[in-house]
Amino acid sequence: MMKRYNPKDIEPKWQQQWSDSNLYQAVDFDKKRPKFVMLTEFPYPSGDGLHLGHVREYTLGDIIARHKRMTGHNVLYPMGWDAFGLPTENYAIKMKVPPQQVTKNNVANFQEQMVSLGLSFDWSRTVNTTDPSYYKWTQWLFLQFFKAGLAYQDEIAINWCPKCKTGLANEEVVNGKHERCDTPVEKKTLQQWVLKITDYADRLIRGLETVDYPSRIADQQINWIGRSKGAELDFKVEGHEGEYLKVFTTRPDTLWGVTFMVLAPEHPLVDIITSSAQRIDVDEYKKLTQSKTEIERQNTDREKTGVFTGAYAINPSSNEKVPIWIADYVLSGYGTGAIMAVPAHDERDFEFASKFSLPIVDVYKKDSPADNNFGGEGDVINSGMYDGMRTSDLRERIVDDLQQKGLAKERINYKLRDWIFSRQHYWGEPIPIIHCPDHGAVPVPDDQLPVVLPEVDHYEPTDTGESPLAEVSEWVNTTCPTCDKPAKRETDTMPNWAGSSWYYLRYFDANNDTAFADMEKLKYWGEVDLYLGGMEHTTLHLLYSRFWHQFFYNQGLVPTPEPYKARRGQGIVLATDGSKMSKSKGNVVNPNEIIDQGYGADAVRMSIAFLAPYDQTTPWNSEGIAGTYRFLQRYWTLVQEHIDASKVNLDDSVDQVALKRVTHKAIKRISEDLHGMNFNTAVAALMEAVNELYKQKIELPLGSPAWTETIVAFTKLLAPYAPHIAEEIWNQLGQPGSIHNSEWPVHEDKYLAEETTRMAVQVNGKFREEIVVDKSAQESEILAQAKSADKVQAHIAGKSIVREIYVPGRLVNIVVRD
RNA sequence: GCCGGAGUGGCGGAAUUGGUAUACGCGCACGACUCAAAAUCGUGUGGAGCAAUCCUUGAGGGUUCGAGUCCCUCCUCCGGCACCA
C-alpha cells in the first residue's frame with residue numbers, strides 16, 4: 001500500500017534527527033575541506049515571530065549552505081539574536097516585565113520557528129547581543145575605539161526623537177523622521193558619545209573595490225559617504241583683524257563671481273561680526289531657525305530666507321568687498337558652515353540674490369548658451385587676469401595662486417557625519433566609561449568588564465536627556481579606576497547597531513571568555529564568504545560593521561581588511577495585493593500558519609525560492625504554495641510507485657539513454673542556477689524534470705536499478721530546497737547516512753547529446769517552421785532541408801534568395817527579395 | 001534635482017546574453033474518476049480570425065539577415081539620497 005505524502009509525518013521527525021546527530025555543526029580548523037561562511041543577518045527577536053522576509057533570507061541562505069555542504073565544504077551557517085532595542089523595551093514598560101524575560105521568550109519562539117522551517121543553522125554557535133558574556137566584548141571593542149581616539153564626547157546638536165526620547169544617528173533619520181516610529185525629529189544639544197567614522201570615509205569607499213557587492217549597494221554607500229573634492233578659501237572680515245571666514249567650494253574658479261557670503265545661523269562667527277545695527281534682526285532670525293523642525297528646514301521648495309549681518313568680507317582674489325548674510329539654506333554641519341555665494345552659477349545662490357536684490361555677475365560663458373542649467377564649464381570672463389581661461393583650468397590655478405598667500409588649500413569634504421553613539425535608554429549595552437572629576441572620562445579596566453546592565457524598577461525614558469540608569473545611584477556612583485576617588489558611571493547606552501557591528505566574528509569562536517575571538521580561529525574562518533541581507537541596512541548596519549572591521553584590522557585585531565567578501569540584498573516580500581505588509585493593515589503572512597495548514601515546510605521553502613529572483617521585490621502569492629506542494633506530492637508519488645515496482649520488477653534490459661539525459665540535463669541546469677543564485681529557475685527546472693520523468697515512466701517501467709539511480713540523483717538535487725522529503729526518500733531507498741552529507745551529483749556531457757536537433761527556419765527573419773535535423777548533417781544538407789519545408793516554400797516561392805544565414809544548432813534564415 | 005533598478009499573458013515570472021518570445025507555476029476552461037464535491041490525472045490556454053495569416057515584450061525612432069535583449073528620444077513605476085556649496 002502506497003504511503004501518501006504528508007509533511008506532518010516526516011518533517012518533525014527529521015528535524016529531531018538532525019538536531020540529535022549535530023548534523024550541521026561546523027568544524028574549526030578542518031584542513032581537508034574548503035571552508036565556506038554563509039551569513040544571513042541575525043534578526044531582532046520581536047514578539048510577532050518570523051515574517052516572510054526572514055523566511056526568504058534564511059531559506060535562500062539555507063539552500064546555499066546545504067548545497068555547499070554537499071559539494072564538500074566545511075560550512076559555517078550560524079544564527080543569533082540582535083536583541084537590544086526599543087520594541088522590547090516598550091513592551092517591557094507596557095507589560096511591566098523585565099526586557100530580559102521578554103527577550104528570552106521571543107528568542108525561544110524564533111528558534112522554534114526556524115527549526116520548523118528545516119533551517120540548517122549551527123545552533124552551537126548562537127550569539128545573543130544582550131547576553132553579558134557577549135556584550136562584555138562589545139564594550140571591550142568600544143574601548144579600543146576610545147583608546148585610539150575614535151570615540152569622543154562632544155556637546156553637539158543632534159537629532160532627537162521626542163517620542164522615543166533618544167538621540168539618533170544621522171543614518172536613523174529618514175526624510176526628517178525617526179526611521180522606527182516616523183516621528184519628526186528635533187534638534188537637541190546634548191553631551192554625546194560619537195564614533196569617528198569620518199576618519200574612515202575614504203577607506204570605506206576604497207574598500208568597496210575589493211569586495212563583491214552589487215553596484216546598487218556599493219553606489220548607495222558611496223553616495224551616502226558623499227565625497228567631494230574642492231578647496232577651502234579664506235576671506236578676511238572687514239574691521240575684524242585676524243578673523244577669517246573659511247568657506248568650502250567645489251568651484252573656486254567662480255571666485256570672481258562672488259557677490260555675497262552666507263553663514264549658517266549657528267556659525268560661531270555670527271555673534272562676533274554682527275554689527276550693532278543688525279543685532280536684533282540677526283538674533284531674531286537665529287531664534288526662528290531653532291524653532292523649525294528638520295522637515296521644515298529640509299524642504300527645498302521653501303522660499304529662501306536670511307538676514308544681513310552688517311559685516312563685509314574681502315574676496316581674497318579680487319579684493320572686492322561683499323556683504324555677509326546668514327541664512328538657513330546653509331547647513332552648519334557640512335563643510336565650514338559658510339559659503340561664498342555665486343548667484344550667476346548656483347541655483348540656490350541665484351534664488352537668494354533674486355529675493356534680496358543682490359548683484360549677479362557671470363564669470364564664465366557657458367559652452368552651450370541654450371543650456372540654462374547652473375554649473376558646467378566655459379571660458380572665463382569678468383575675472384581680471386584670469387579672463388579667457390577655461391573654468392576647468394582655473395579651478396586648480398586659482399587655488400595655487402591663493403595658496404601662496406596662505407589663503408587657500410585643497411580640501412575633501414564628506415556628507416558622512418560622525419556616528420552619534422549615545423542612546424538615552426535602558427535596554428542597551430552600558431557605555432563602559434567612568435567620569436572622574438580629576439581624570440575625566442576613564443575606561444573601565446578590562447578585568448571589570450562587562451559593565452552589567454543593572455536591574456531597575458522602571459525602564460521609561462526620561463525627558464531630561466538622561467537615560468533611566470542615571471537614577472540607579474548605587475550603580476552610578478563608583479570609584480575612579482585611576483585614583484580611587486568617588487566617580488560616576490556613564491549612564492548612556494549604546495545604539496542597537498553596536499552589537500551587530502561585530503557579531504559575525506563571534507560566530508568564529510562563540511564561547512570564548514578570554515577574547516572576543518581567538519586569532520587562530522579568525523584566521524581559519526577568515527571573512528564571510530557570502531552575506532545575505534536587507535537593502536535597508538546598506539547605509540546602516542552594513543556600513544557600520546565595515547567601519548568597525550576596518551578599524552579592527554588597523555588595530556591588528558582581525559586578519560582581513562573587509563568583513564564580507566560578497567554581499568547580496570534580497571528583495572522585499574509584499575502582500576499579495578502589492579502593498580507593504582504591515583501589522584496595522586493586517587496583511588502580514590505568517591509562515592508557520594502555512595506550514596500548519598498542511599503544506600509543510602518544504603513546500604513553503606520551495607514556494608519562496610520559486611517566487612521571483614532573490615533580489616527582486618515581489619508580492620507574495622498565497623495560492624502559489626499549492627503549486628510547489630503539488631510538485632512535491634507528484635514526485636513523492638513517483639518514488640512510491642517506483643519502490644513498490646522495484647519489489648517485483650528488477651528488469652534492467654530496457655534502454656535508459658533518455659532517462660539519463662533527463663537526469664543529467666537537470667543536474668547541469670540546477671547546479672548552474674545555484675551558482676548564479678537563480679533559485680526560481682532552479683525550482684522550475686526541478687518541476688520540468690519531474691514532468692519529464694512522468695513521461696519517461698510510460699516508456700520505461702519503474703522499478704529498475706536505472707530508475708533507482710535516477711531517483712537518487714534527482715533527490716539530491718531536491719535536497720537543498722526540500723530537505724525533509726529528500727531525507728525521507730533517501731531513507732526509504734535504503735541509502736546510507738544523511739542525504740545532506742551525500743555528494744552533489746556531477747553531470748556528464750556524454751549523456752546530454754541527442755542524435756537530432758530542432759532548428760528554426762526563418763524567412764526574412766520571421767519564424768516559419770521548425771525542422772528536425774540529424775546531428776551529423778552538413779550545412780548544405782540543412783539548408784536544402786530548410787528550403788524544402790512547406791511553410792518556407794510558401795514564402796520563398798517566386799522570389800530570389802539574396803542570402804542564407806546558418807547558425808549551427810539554432811536556426812536558418814533565408815533572406816529573399818521579390 | 002542626483003544615483004540605482006524595472007516595465008513581457010488574467011497573475012508571479014522565463015528567455016542559452018543578438019537567434020523559435022511567453023519556460024515553470026498560479027488562475028481559468030473542458031474532459032476522466034465520483035451519486036456529488038474535494039483531491040488526483042489528462043487536454044487546452046497571448047490577442048484577432050473559420051482558416052491561410054496577421055499583430056504582440058511601456059511609446060516612438062535607429063542599427064541588423066534577425067532586437068524583449070544593442071543605440072537614441074520619451075513615458076511610467078519602485079528603491080536610495082536630497083538646500084551637501
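Keep in mind the model is a prediction, meaning the values are calculated, not measured. A note on names: the letters A, B, ... follow the listed sequences, proteins ahead of strands, and every chain is numbered from 1.
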Using ring pair (Phe, Tyr, Trp, His ring centres under 6.0 Å) as the criterion, list what pairs up with F679(A), not counting sequence neighbours. none
Spacing of the P atoms in G9(B) and G60(B) (rounded, Å): 15 Å
Could you state the NZ-P distance from K665(A) to C24(B), rounded to the nearest angstrom? 11 Å
Is there a side-chain polar atom (N or O) of K766(A) under 4.0 Å from OP1 or OP2 of C55(B)? yes
Provide, to the nearest angstrom, the distance between the CG atom belonging to L543(A) and the P atom belonging to C81(B). 12 Å
Remember a base hit wins even if backbone is also touched, and classify N691(A) as base, sugar-phosphate or nothing at under 4.0 Å, heavy atoms. sugar-phosphate
Mind checking if E769(A) touches a base, just sugar-phosphate, or nothing, with heavy atoms under 4.0 Å? nothing
Salt bridge (charged side-chain N to carboxylate O under 4.0 Å, His left out) partners of K286(A), counting only residues at least two apart: D271(A)
Report yes if a donor N or O on one partner sits less than 3.5 Å from an acceptor N or O on the other, where the partners are the side chain of K415(A) and the base of C81(B); otherwise report no. no
For a quick check of understanding: with a heavy-atom distance under 4.0 Å over all strands, which category does W620(A) fall into, base, sugar-phosphate or nothing? nothing
Nearest-neighbour nucleotide for the Q220(A) side chain, A85(B), G27(B), G80(B) considered: G80(B)
To the nearest Å, give me how far apart CG (D577(A)) and C1' (C26(B)) are. 17 Å
So, OP1 or OP2 of C81(B): does either fall under 4.0 Å of a side-chain N or O from N175(A)? no
What's the closest nucleotide to the side chain of S215(A) if the choices are C83(B), G5(B), G25(B)? G5(B)
If I take atom NE2 in residue H267(A) and atom P in nucleotide C83(B), what distance separates them, rounded to the nearest angstrom? 19 Å
Decide, yes or no, whether a salt bridge links E672(A) with K668(A) under the criterion of side-chain N to carboxylate O below 4.0 Å. yes
Between G46(B) and G61(B), how many Å separate the two C1' atoms, rounded to a whole number? 26 Å
Taking for each residue the nucleotide of RNA chain B bearing the nearest heavy atom, is the 5' side occupied by M535(A) or by R216(A)? R216(A)
Remember a base hit wins even if backbone is also touched, and classify R758(A) as base, sugar-phosphate or nothing at under 4.0 Å, heavy atoms. base
Please give the distance between the P atoms of A21(B) and A85(B) as a whole number of Å. 50 Å
So which nucleotide from A21(B), U53(B), C24(B) ends up closest to the side chain of M687(A)? C24(B)
With a non-hydrogen cut-off below 4.0 angstrom, is E770(A) in contact with a base, only sugar-phosphate, or nothing? base
Starting from P on C2(B), measure out to CD on E347(A) and report it in whole angstrom. 11 Å
Pairwise P distance, U53(B) and G7(B) [rounded to whole Å]: 32 Å
Looking only at atom C1', what distance separates C2(B) and C54(B), rounded to whole Å? 46 Å
is_close_aromatic(Y5(A), Y629(A)), centroid dist under 6.0 Å: yes
Syn or anti for G27(B)? Use the chi torsion, O4'-C1'-N9-C4 for purines and O4'-C1'-N1-C2 for pyrimidines, with syn inside 90° of 0. anti
Using the P atom as the reference point in each nucleotide, state the distance between A15(B) and U20(B) in Å, no decimals. 13 Å
Could you run down nucleotides 6-19 of chain B 5' to 3' and tag each one B, S or - for protein heavy-atom contact under 4.0 Å? ------BSS-B--B
Give RNA chain B the dot-bracket treatment, 5' to 3': Watson-Crick (N1-N3 with N6-O4 or O6-N4) or G-U (N1-O2, O6-N3) under 3.5 Å, [ ] crossing, | other strand. (((((((..(((......[....)))((((((.......))))))(((....)))..(((((..]....))))))))))))....
Does Y694(A) have R634(A) sitting over its ring (NZ/CZ under 6.0 Å from centre, angle to axis within 45°)? yes
Any side-chain heavy-atom pair from N764(A) and K799(A) closer than 4.5 angstrom? no
Closer than 4.0 Å, any side-chain N/O of R630(A) to the OP1 or OP2 of C26(B)? yes
Electrostatic pair K665(A)-E692(A), nearest N-O below 4.0 angstrom: no
Anti versus syn assignment for U22(B), with syn defined as within 90° of 0: anti
Please work out if V262(A) contacts a base, only the sugar-phosphate, or nothing of the nucleic acid, heavy-atom cut-off 4.0 Å. nothing
Selected nucleotide, minimal atom distance to Y334(A) side chain, candidates A85(B), U53(B), C81(B): A85(B)
Qualifying residues under ring pair (Phe, Tyr, Trp, His ring centres under 6.0 Å), relative to H642(A), sequence neighbours excluded: none
d(CZ, R768(A); C1', G66(B)) in whole Å: 13 Å
For nucleotides C11(B) and G66(B), find the distance between their C1' atoms and express it as a whole number of Å. 31 Å
NZ/NE/NH1/NH2 to OD/OE distance under 4.0 Å, K791(A) and E769(A): no
Distance, rounded to the nearest Å, where R634(A) contributes CZ and C24(B) contributes P: 11 Å
For K668(A), which contact category applies under a 4.0 Å heavy-atom criterion: base, sugar-phosphate, or nothing? nothing
Non-neighbouring partners of N813(A) that pass side chain to side chain donor-acceptor pair (under 3.5 Å), sequence neighbours left out: none
Is R567(A) salt-bridged to E41(A), going by a charged N under 4.0 Å from an acidic O? yes
P atom, G80(B) versus G10(B): distance in rounded Å? 31 Å
Look at all strands and tell whether S228(A) reaches a base, only sugar-phosphate, or nothing, counting heavy atoms closer than 4.0 Å. sugar-phosphate
Among A23(B), A85(B), C3(B), the one nearest E688(A) by side-chain distance: A23(B)
Taking atom C1' of C24(B) as reference, at what distance in whole Å does atom NZ of K695(A) sit? 12 Å
Measure centre to centre between the rings of F356(A) and F260(A), then say whether the value is under 6.0 Å. no
Could you check if a side-chain atom of I360(A) sits within less than 4.5 angstrom of a side-chain atom of F350(A), using non-hydrogen atoms only? yes
